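Each remark here refers to the structure printed beneath this line.
Per chain, numbering begins at 1; letters A, B, ... match sequence-line order. All figures in this text were calculated on a predicted structure; none of them were measured in a lab.
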2 protein chains.
Amino acid sequence: MPVMSKKSYHHGDLKNALISAAIEIVAQEGVYGLTLRKAARKAGVSHNAPYAHFTDKQALIAAIAVDGHSKIQSLISKVVEKYPNDPLQQLVHLAWAYVQFGLRSPAHYKITFSGLIENEKNYPAFVEVSQLSMSAIKKITADCQSAGILKKSDYEVEMVAVSMWGLIHGLVSLVIEGQVSSKLLMRNPPKAMLIATLQQVVCVPLDVSILNS
Amino acid sequence: MPVMSKKSYHHGDLKNALISAAIEIVAQEGVYGLTLRKAARKAGVSHNAPYAHFTDKQALIAAIAVDGHSKIQSLISKVVEKYPNDPLQQLVHLAWAYVQFGLRSPAHYKITFSGLIENEKNYPAFVEVSQLSMSAIKKITADCQSAGILKKSDYEVEMVAVSMWGLIHGLVSLVIEGQVSSKLLMRNPPKAMLIATLQQVVCVPLDVSILNS
DNA sequence: AATCAAACTTGACAATGTCAAGATTATATC
DNA sequence: GATATAATCTTGACATTGTCAAGTTTGATT
């Protein structure tokens with residue numbers, strides 16, 4: 001791994017530098033503000049340098065999405081480690097991680113989870129990492145069912161996991177889009193909102209205090 | 001309302017013509033294929049004509065979203081008329097309308113419900129129509145609660161409605177993005193999928209046969 | 001040390017969003 | 001009904017963008 005020297009012809013770590021730059025741009029100017037040339041400028045290279053690492057503008061966007069999935073996954077790992085054998089805590093904190101990521105970095109969240117990538121199958125890294133996310137949710141869901149925390153439906157585990165995923169993702173989307181009135185948010189901050197939602201799905205009553213950590 | 005004469009300087013109904021053209025483009029070439037100039041070409045006007053009706057490219061996108069909301073709302077109206085005093089049927093068919101719209105016109109659905117509009121507050125028509133959608137869902141949800149079909153939570157009706165909305169929207173999003181494996185879809189076609197999902201939320205068992213219509 | 005491939009640059013091109021200024025037509029006012 | 005006014009549409013121009021082509025620099029391999 002070559003050191004990032006100040007002024008060499010070769011950047012050394014341009015790919016990651018471009019991704020970071022792109023994430024910053026997206027955070028500051030939104031999805032439509034992202035430009036290949038702008039990212040290149042921010043990384044201090046010429047306007048065509050990105051093409052050595054990304055075939056497309058879409059490929060850079062896909063890389064941002066991969067980064068988003070990775071961030072969520074590292075959060076999930078931490079949560080699973082912190083609450084072993086407690087799938088309810090894992091589930092709630094998993095959902096909470098999504099909400100936090102979504103509210104903290106809306107644009108990044110959108111790119112990652114809201115289907116802004118046109119042909120995802122063209123980007124194997126994205127396909128792989130998004131399947132990993134799904135696997136994590138599936139595992140936690142299955143554990144919840146075994147522990148009697150989630151209803152067992154007649155359909156397979158994946159079915160219920162998709163429902164959970166959808167529920168959380170849908171909620172976050174609505175909050176980000178502002179379709180949930182701010183008044184409602186004031187009276188029911190996201191954390192309580194999440195609990196209320198999960199209570200619809202979970203068949204044991206939830207104690208809100210489990211979230212104080 | 002002037003007739004759409006063949007070759008007058010004034011188009012007569014350019015605004016709607018542009019929206020239709022844009023929807024077609026989006027359906028055929030995806031969101032990134034949409035271009036102001038392309039829509040203008042398709043409507044047979046000069047490249048700057050759209051600016052008489054839309055301040056922005058974003059404004060045209062917002063108009064597409066408004067159209068999507070309108071389509072869903074007319075579907076909702078029909079369903080509510082068809083099943084008066086049967087909130088469960090209303091709920092299921094409402095959800096089903098979303099799924100159908102999403103699977104039939106993925107790109108249009110994305111623009112309408114997936115937050116592709118950057119600053120929605122800048123487009124009052126969009127804000128208004130999306131609030132109407134929410135109101136419809138809220139009413140049906142409340143009716144379901146009154147009928148004992150949906151659990152009453154400690155939180156207000158809007159809370160539960162948001163959950164329902166989120167659940168449906170999240171599911172459709174995942175299907176559109178292809179994050180739900182096609183194998184799963186084969187074994188559980190969308191209609192059954194929807195039922196499975198609703199069974200997580202609804203506290204009375206659902207009979208799949210109610211969907212045969 | 002010579003070769004090769006990867007990483008990066010410069011240059012070019014068509015397409016796009018949008019501004020400015022002018023042309024055409026509908027509508028309202030007298 | 002003529003005239004003013006505003007809405008609608010056109011032509012022209014410009015900077016920016018994604019991407020192709022061709023060349024340059026450099027690290028790696030032999």
Which residues satisfy the ring pair (Phe, Tyr, Trp, His ring centres under 6.0 Å) test with His53(B), sequence neighbours excluded?
none
Here the residues of residues 23-35 of chain B within 4.0 Å heavy-atom distance, strictly under, of DNA chain C are Thr35(B)
Kindly assign one of parallel, tilted or perpendicular to the pair Tyr98(A) and Phe113(A), based on the angle between their ring planes and the thresholds 30° and 60°.
tilted
For residues 54-66 of chain A, dump all side-chain donor-acceptor pairs below 3.5 Å to protein atoms at least two apart in sequence or in another chain.
{"from": "Lys57(A)", "atom 1": "NZ", "to": "Leu34(A)", "atom 2": "O", "distance (Å)": "3.1"}
{"from": "Gln58(A)", "atom 1": "OE1", "to": "Glu118(A)", "atom 2": "N", "distance (Å)": "3.2"}

Distance check needed: dA7(C) P versus Lys15(A) NZ, whole Å only.
9 Å
Rounded distance (Å) that lies between atom P of dG12(D) and atom CZ of Arg37(B)
13 Å
Can you list everything that forms a side chain to side chain contact (heavy atoms under 4.5 Å, CB included) with Lys42(B)? Sequence neighbours excluded, please.
Ala21(B), Glu24(B), Ile25(B), Gln28(B)
Can you measure Leu36(A) atom CG to dG18(D) atom C1' for me and round it to whole angstrom units?
7 Å
Sequence-distant partners of Lys38(A), salt bridge (charged side-chain N to carboxylate O under 4.0 Å, His left out), two or more places apart:
Glu29(A)
Starting at atom CG of Asp13(A), determine the distance to atom C1' of dT26(D), rounded to an integer number of angstrom.
17 Å
Of the nucleotides dT11(D), dT19(D), dC8(C), which has the atom closest to the His47(B) side chain?
dT11(D)
Sequence-distant partners of Tyr123(B), ring pair (Phe, Tyr, Trp, His ring centres under 6.0 Å), two or more places apart:
none
Starting at OH of Tyr51(A) and ending at P of dG18(D), how long is that distance when rounded to a whole Å?
7 Å
